[in-house]
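What follows is a single structure, written as structure tokens, with notes after it.
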Amino acid sequence: MTATNTNRRAFTKKLALGGVGISLLAGCLGDDDEATDDGSDDTGNGEDDETFPDGQLTLVVPGGAGGGTDTYARELGPALGGVLDVPVEIDNRPGGNQLIGPGHVAGQEADGYTIAVFNLPAVPAGWLIEEPDFDLQAFEGLGGFAGEGAVMVVNNDYADWDPEDVLDAYRTGEFSNIGVVHLGSFHMMGAVLESEEYFDTEFEWIGYPDAAEHNRAVASGEIPAAFSSEAGASELVEEGEVTAMFTTNETDLYDVPTIEELGYPSADFISQSRGFAVLEDVPDDRKDTLAEAIDDAVNSDGVQDWAEASGQNVHYTPREEFNDNFHTIFDELPELIDLDEFAE
Amino acid sequence: MYGAFTEAVQFVLTVETLLWILAGFCFGVMLGATPGVGTAVGMALVLPLTVFLDGTTAIILLTCIYMGGMYGGSVSAILINVPGTAGSAATTFDGYPMSRNGQAVTALSISAASSAFGGIISIIVLFLITPFIIEFVLLFNSPDLFLVALLGLAMITVVARGSIVKGLTIGMFGLLFTTVGVSPNAPDVRYNFGSLALYDGLDIVAALLGLFAISEMIKLAAERGGIAKTTTELSGSITEGIRFTITHPRAVVKSSFIGTIIGALPGAGSSMANFVSYSEAMRSSGMANTFGSGDERGVLASEASNNSAVGGSLIPTLSFGIPGSASTAILLGGFLMHGLNPGPSLFGSNLDITFSIYLAVAIGVIVLIPVIGLLVITQLGHLTKINTDYIIPLIVVLSITGIYTVNISWVDVLTVFLLGIGGYFMRKYDFSIVAFLLGVILGRMAEENLFRSLQVSGGSYDIFVESPLSIVLIIMIFLIVLSPYLMKLRE
């Protein structure tokens, strides 16, 4: 009896200690949205636009640390901070089909201190499919920093085939499976390329978590071909593990024809691009300041030297062009792809 | 090949590189030993700082953090029942009971010694298979990966002591846990109640923290004294741990091979490696009842496998740029940031870089784990005498801060609490936590590869018997499922 009472007292006491710890912790962690709702003092956001920015900027990356978009952000963030003379924090908000990050930015104050990093067309396409409870169209693009097209790679058993032979194999049913990053930008592009205007065929999409895995599957013969990012397949093509057939855009990485050179319409408009965006309610002069700084950062010697040394495709897309591309996707993608069917 | 090796030796055996190896390893051990944080967060923090280093040194630094973290995870697993990384979860099953019995020092020294041997064996394997590494990676396709996951799930019949029905039931709950969120191959979102926060499902590390840290703290809250029971004295020793490891060479080699091979499978990783290795140690012991109550073989099997899985995980990462875990994803980010392309060239024209990474890992496992592990870490065994009045709030707060830091998601915090309570009752009513975790860890891999295999085959199940490797795996699954009955027949 005594032992039981002692245990119960000990249990209650320790539970109370744990509770105090958790309460303190909750206070420390707080809620990001609440913390910035009542003003901007903690980020140093002054109302005087002549001094914008006078505190830390945050780049919200919709992917995990170490991913493709994150790698760019970690190189561009310090460059942007250098131009504006403020610190820049990288805030990884992965998940939710790349919508957690933009959703977080949508919940912040429209003061220009929180900047979303977008991957097009995947982010708007994901938003159209998932219909989350924030308005992605309330964002405005400030400039792009990277873009690349797709390359079709095939297993080396078909290295002697020409691109039309491969496409005919899909049209006649000899091939059906094709690898792609599930719901990624190139999945959207591939869906467009199935149309009558382009290849006039149907692909059986086999989803993989990343380009490296579907390229490995092509090399092993699990699937005959894949739509890969240009950069993602270049090493394997160069080392002879897979064979490139054609690209969607002009590129120096491959010595193969583009879709246009094969006689199909240009596919430039469906390339993947990455860039920065803020809420459109951010004051215009702040958006101007950020857009100019993004231009300077992307074209800075440090970033361009890194791009050249690392083989990353970094080039500036002007603000208007990037913003037009971004907003066009909302109207045109549903015209080009039956999103309901695509999402099944 | 010889020239590349010489270049690598010249590069690694400089004071500067050796200091980076030491710094990375020590930082990794600290991260790994901190509940909930894990190595990926630390590697992400260090990644931008590596711009000042040359590419190979940066990759070596990140790899050493990864390796140190994997070893460090065992420290908190043994001392406080909190796996610092997912790869050390199985270490808790016998390491923590050893601490409760006053043998923390022995458990920590078994962990250090078997981690060192496991790491050495995986590095030897890496050197030996380097000429055939691409062929090795191309060997495993989606049907084979599904069968490997099924093989792991079949282990439930081994680890579920007592009622097989209870083991299978709780294992199925583990599988159910992984069905929350978006399907791996289709945009179907399950059980998310319209919330994006649940889109990617429930976090495995949060589940581990709940099941181990919180449930154990609830249990400890009703006790007096420290983690080591008040009636026991600290009795273990370093030499006892080393002697035990050296006298069990077969177990060390087997666990190391399991770790290396499973670590090399895309999507598998150290968490699967250490559960499969632990389960195999139980199966082959023939005395499964001692496992879970402080059997040294459990610690040895888990620790040899998770450290060898680090070497194994480098195989798909370096050869095809396939990240098997969050840590290797950041390692790949390091490659990209420094203009190094992971791929076949790392086993051809850039072989010196690959050998430099191997050598850095070799130095870590041959020198650093034994020196730091045996001389410094084992002294932490005395922490088990500290009163739980101080331990409980610290662990609860560290667990929650750690898990919140990783994904900045309150869903993870809720998962920790709910599974903490669930784990407490699972123990109380004798449901196997190992069986539950096998389901949690393997569910996603099994679902993804089953779905993809059937997509590739157009719905035909023949794809699972088309390759010799698949047939071998199927035979192994049958043998494991039938092993409890076969053992009874033998008796």
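This one's a predicted model, so the numbers in the text were calculated from it and none came from an experiment. Labels below follow one simple rule: chain letters A, B, ... track the order of the sequence lines, proteins then strands, and each chain is numbered from 1.
- Because its NZ or CZ atom is not both nearer than 6.0 Å to the ring centre of Tyr72(A) and within 45° of the ring axis, Arg274(A) does not count as a cation-pi partner of that residue.
- Within the 4.5 angstrom heavy-atom criterion, atoms from both the backbone and the side chain of Ile206(A) approach chain B.
- With a threshold of 4.5 angstrom between heavy atoms, Glu135(B) does not approach chain A through any atom at all.
- Atom CG of Leu80(A) is separated from atom CD of Glu75(A) by 12.5 Å, given to the nearest 0.5 angstrom.
- Interface remark: Ser409(B) contributes no atoms to any contact with chain A (heavy atom separation under 4.5 Å).
- The shortest side-chain heavy-atom distance between Glu235(A) and Ser345(B) falls under the 4.5 Å cut-off.
- Looking at Phe140(B), the atoms closer than 4.5 Å to chain A (heavy atoms on both sides) all sit in the backbone: N, CA, C or O.
- Interface residue Glu213(A): backbone and side-chain heavy atoms are both found under 4.5 Å from chain B.
- Both the backbone and the side chain of Asn97(A) come within less than 4.5 Å of a heavy atom of chain B.
- Between the side chain of His187(A) and the backbone N or O of Gly207(A) there is no donor-acceptor pair closer than 3.5 Å.
- Proximity to chain B is limited to the side chain of Glu204(A), based on heavy atoms less than 4.5 angstrom apart.
- Within 6.0 Å of the CG atom in Asp157(A), the count of heavy atoms belonging to other residues, nucleotides or ligands exceeds 12.
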